Asker: 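Please see the structure below; I have some questions.
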Amino acid sequence: MNINTAEKRYALLLAARDNDYVKKVYGGYFNVFVAAFGEEGERWDLFRVVEGEFPDMNDLHLYDGFVVSGSPYDAYGNDFWILKLCFLLQTLDAMEKKVLGICFGHQVLCRALGGKVGKAYSGWDIGLRKVRIVKDLISPIGHKMLIDSIKNEIPSSLTIIECHQDEVWEVPLGAEVIAYSEKTGVEMFGIGEHILGIQGHPEYTKDILYNLIDRLLNNNSIDFGLADKAKFVLEIAEPDRKLWQCICKNFLKTL
């Protein structure tokens, strides 16, 4: 794997507002993402797209990659900023810029490029989920990312933190499903060597999810049974966070 982090520049397209817990403990979601995916010597810029803050179209060529965060909003919604984000993602795809979509980012990336997204048929998925890797990938991109990231050994499954009630129904034309789970048919997809969507949260720590579960419970988005089940699983198991971060870093930084 040939990674040269010198003078590399990335943009986080933040589709969620910082909550009090993340601001207090981490200084905001931007710091969570940079800690998970950043390397020394890189420049990371923040664009709060949920607030209507977008990179200048004339500056897109300056970036080596873009990351689209999760969000409490629906990727299939028609808020102006979501439609503008879709246009930006279409532009980045045409430029063949590296784009990594996480949760909402995974879904809106799919939508922007011609796929279909909507409410998950089986309801909320919160907690830890075992994601199974597709072994017979058609193109080399899926295998390349995984082989380079996990020391030439492709695992049969990886565990990731999940928190979503929407999902990808149908991937865009030319996309490849890289991973799935018993809960979600498209946990990970790729297009060429420049587009990667991941339904789970490789950037999340367990404490961030604990806090999120409490907030969803307090605003009646989920019930006690689902919250208790998710917390119990978190107490007895660990996500493969480092491996997921290796996959994401390898995708963003490998030429």
Side-chain angles (χ1 to χ4, degrees), residues 10-16 29-30 32-34 36-38 44-50 54-55 60 63-77 79 81-118 120 125 129 131 141-142 145 149 158 160-181 184-204 244-245 247-253:
Y10 298 93
L12 173 63
L13 306 177
L14 187 60
Y29 280 120
F30 177 72
V32 173
F33 276 92
V34 174
F37 304 145
W44 282 74
D45 297 333
L46 171 62
F47 296 94
R48 298 182 184 274
V49 293
V50 69
F54 284 78
L60 299 181
Y63 291 91
D64 294 285
F66 297 79
V67 178
V68 190
S69 78
S71 176
Y73 289 85
D74 296 325
Y76 45 85
D79 305 66
W81 71 270
I82 295 178
L83 298 179
K84 187 173 180 179
L85 177 58
C86 286
F87 176 74
L88 172 60
L89 296 175
Q90 291 165 359
T91 302
L92 295 175
D93 175 50
M95 297 173 69
E96 295 194 351
K97 285 290 184 180
K98 297 262 188 175
V99 183
L100 170 64
I102 303 296
C103 197
F104 165 91
H106 160 84
Q107 297 160 10
V108 78
L109 192 53
C110 175
R111 174 195 179 178
L113 301 184
K116 295 181 180 179
V117 298
D125 191 7
R129 179 66 53 188
V131 171
I141 178 60
M145 283 189 295
S149 301
L158 290 168
I160 195 168
I161 289 177
E162 303 264 11
C163 186
H164 64 100
Q165 61 175 335
D166 297 334
E167 66 183 4
V168 168
W169 287 351
E170 184 179 313
V171 295
L173 184 67
E176 180 176 37
V177 177
I178 299 173
Y180 64 95
S181 70
T184 304
V186 184
E187 288 281 2
M188 187 176 179
F189 79 92
I191 300 177
E193 295 190 8
H194 66 288
I195 298 292
L196 178 64
I198 298 175
Q199 179 58 72
H201 286 274
E203 84 285 7
Y204 270 12
W244 279 108
Q245 288 174 5
I247 291 170
C248 294
K249 287 181 179 181
N250 179 69
F251 166 73
L252 286 169
K253 304 167 200 296

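Just so it is clear, the model here is predicted, and its values are computed rather than measured.
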Asker: Any side-chain heavy-atom pair from Leu89 and Val99 closer than 4.5 angstrom?
Answerer: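 Yes - at least one pair of side-chain heavy atoms lies under 4.5 Å apart.
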Asker: Could you list the residues that satisfy side chain to side chain donor-acceptor pair (under 3.5 Å) with Tyr204, not counting sequence neighbours?
Answerer: none
Asker: Of all residues at least two apart in sequence or in a different chain, which pass the ring-ring contact (aromatic ring centres under 6.0 Å, His included) check with Phe30?
Answerer: none
Asker: Do Pro55 and Asp45 touch side chain to side chain, with heavy atoms closer than 4.5 Å?
Answerer: no
Asker: Looking at NZ of Lys253 and CG of Asp64, how far apart are the two atoms once the value is rounded to the nearest 0.5 Å?
Answerer: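 Reported to 0.5 Å precision, the distance equals 9.0 Å.
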Asker: Identify the two heavy atoms, one from Pro72 and one from Ala15, that lie closest to each other, and give their separation to 0.1 Å.
Answerer: CD-O, 4.2 Å
Asker: Using a 4.5 Å cut-off on heavy atoms from C-beta on, say whether the side chain of Val186 contacts that of Gln199.
Answerer: no
Asker: Judged by atom type as modelled, is there a donor-acceptor pair below 3.5 Å linking the side chain of Ser181 to the main-chain atoms of Thr184?
Answerer: yes
Asker: So do Tyr10 and Trp44 actually touch side chain to side chain, heavy atoms under 4.5 Å?
Answerer: yes
Asker: Can you check whether Trp81 and Tyr73 have ring centres sitting under 6.0 Å from each other?
Answerer: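 Yes - the distance between ring centres of Trp81 and Tyr73 falls below the 6.0 Å cut-off.
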Asker: If you define the side chain from C-beta out and look only at heavy atoms, does anything of Trp244 sit under 4.5 Å from Ile161?
Answerer: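 They are not in contact (no side-chain heavy atoms under 4.5 Å apart), so the answer is no.
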Asker: To the nearest 0.5 Å, tell me how far His201 NE2 sits from Glu162 CD.
Answerer: 7.5 Å
Asker: Shortest non-hydrogen contact from Cys86 to Ala112?
Answerer: O-CB, 3.6 Å
Asker: Rounded to the nearest 0.5 Å, how far does CZ of Arg129 lie from CD1 of Ile160?
Answerer: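 So the gap between those two atoms works out to 12.0 Å.
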Asker: Rounded to the nearest 0.5 Å, what separation is found between the CG atom of Leu88 and the CG atom of Leu83?
Answerer: 12.5 Å
Asker: Is there a donor-acceptor contact under 3.5 Å from the side chain of Glu203 to the main chain of Phe33?
Answerer: no
Asker: Hey, is the main chain of Phe66 close enough, under 3.5 Å, to the side chain of Lys97 for a donor-acceptor pair?
Answerer: no
Asker: Centres of the His106 and Phe189 rings: under 6.0 Å?
Answerer: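 Yes, the ring of His106 comes within the 6.0 Å limit of the ring of Phe189, centre to centre.
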Asker: At their closest point, which heavy atom of Val171 faces which heavy atom of Cys110, and how far apart are they?
Answerer: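 That closest heavy-atom pairing would be CA-SG, 4.1 Å.
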Asker: Without swapping roles, check the side chain of Gln107 against the backbone of Asp166 for a donor-acceptor pair under 3.5 Å.
Answerer: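 Yes.
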Asker: For the residue pair Tyr29 and Leu46, establish whether any side-chain heavy-atom pair is separated by less than 4.5 Å.
Answerer: no
Asker: Which atoms form the tightest heavy-atom contact between Val177 and Gly185, and what is the distance?
Answerer: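 Residues Val177 and Gly185, closest heavy atoms: CG1-O, 4.0 Å.
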Asker: Quick one: CZ on Arg48 to CG on Leu12, what's the gap to the nearest 0.5 Å?
Answerer: 9.0 Å
Asker: Evaluate the side-chain proximity of Asp74 to Ile82: yes if any heavy-atom separation is below 4.5 Å, no if none is.
Answerer: no
Asker: Report yes if some heavy atom in the side chain of Phe37 is under 4.5 Å from a heavy atom in the side chain of Leu100; otherwise report no.
Answerer: yes
Asker: Which heavy atom of His164 sits nearest a heavy atom of Cys103, and at what distance?
Answerer: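 Distance-wise, the nearest heavy atoms are CB-SG, 3.9 Å.
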Asker: Would you give the length of the straight line joining atom CD1 of Ile198 to atom CE of Met188, rounded to the nearest 0.5 angstrom?
Answerer: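 These two atoms lie 4.5 Å from each other.
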